[in-house]
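First comes the structure, then the notes that go with it.
Just so you know, ligand 1 is whichever comes first in the structure, and atom 1 is the first atom listed for that ligand.
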Amino acid sequence: MENTLGLEIIEVVEQAAIASARLMGKGDKNEADRVAVEAMRERMNKIHMRGRIVIGEGERDDAPMLFIGEEVGICSQPNAADVCTIDELLEIDIAVDPCEGTNLCAYGQPGSMAVLAISEKGGLFAAPDFYMKKLAAPPAAKGKVDIDKSATENLKILSECLDLPIDELVVVVMKRERHNELIAEIRAAGARVALISDGDVGAAINCGFAGTNIHALMGIGAAPEGVISAAALRCLGAHFQGQLIYDPAVVKTGLIGESKEANIERLKSMGITDPDKVYTAEELACGENVLFAGTGITSGNIMDGVRFFKGGARTHTLVISSQSKTARFVDTIHMVGQPQTVNLH
Ligand code: VTB
């Protein structure tokens, strides 16, 4: 799966990031998202693959493009058998977030990315559009920290696993009312808190690499993006756990249905009978082959954002593969139209 598809997938996230980056700082998050979705879909449909969107922009009714269930790629077309090889005809599942951190992009803040994860059919958890309590931590703490433990206990475990005093640990938490107690607990335990306004996928991935000065992600973000984070962290051998949050009173955003009871029913109709189950990275991204790709829209801790120059743009992409066990940083110069001076710095 990886060799040819891996290369083309890079272009999918690159094109989405370039499209969004043109709208960086314009204050219009919906437009920044829309152009990324369009660019991602257009590039995907030129790939010899038979893809199905399992995590996308929403249900078909409210998402005209990259909706859940949408088939993408040349090999999902009716004439596929004539133009595709047997390997290319194998179904693959795709989870996308063309502009993760739309607010960050719209307001020119660091950390927005175009991201996706791919696996063979059934290899990615089709998370409902609910919230997810998340715990991400570096490989050394994998399976040792536990989302069911308190933040205080987890910080002690992290400190031992990383051989760092608690007061040197940095935990990323999204600045939300629902996290006020969590933030107070982390501080009381002696660790430092890095508050972010949006973009917890980037924060989770930072936990997978040493040297980012980010040691954990705690708190509640969106569930679909949790699966994309899990895919990346699974490939990196890092820790990720997620638990669906379906109670509107817990998230306090008014964005997940009218009642807890109705949401439990919705989960049941999707085949989720234990709504409180804690999922590991390996359960959220269970495929044998899992591939993650993300391109910086605005600069983050490990990836530069899109930089435009006369006649082109330069992008920075991270591709992580469970098959080849690689985390590859791809630095690409895109020449548009007449080649101009290519700026290497
Ligand atoms: C967003 C976004 C995150 O979660 O905030 C969202 O920035 C949900 O939280 O990156 P709110 O509804 O409270 O804003 C993420 O999308 C991803 O988990």
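Legend: residues meeting salt bridge (charged side-chain N to carboxylate O under 4.0 Å, His left out) with Asp331, ordered by chain and number and at least two apart, are Arg314.
Here the side chains of Ser197 and Leu104 are in contact, with some heavy-atom distance below 4.5 Å. Residues Met40 and Val96 form a side-chain contact, since some pair of their non-hydrogen atoms from C-beta on lies under 4.5 Å apart. Contact of the Leu135 side chain with the Leu217 side chain is not registered, since no non-hydrogen atoms from C-beta on lie closer than 4.5 Å.
Protein residues with a heavy atom under 4.0 Å from ligand 1 are Glu100, Tyr131, Lys134, Met174, Arg176, Arg178, Asp198, Gly199, Asp200, Gly221, Ala222, Glu225, Thr253, Leu255.
A donor-acceptor contact under 3.5 angstrom links the side chains of Thr332 and Glu14, judged on distance only. A donor-acceptor contact under 3.5 angstrom links the side chains of Asp276 and Tyr246, judged on distance only.
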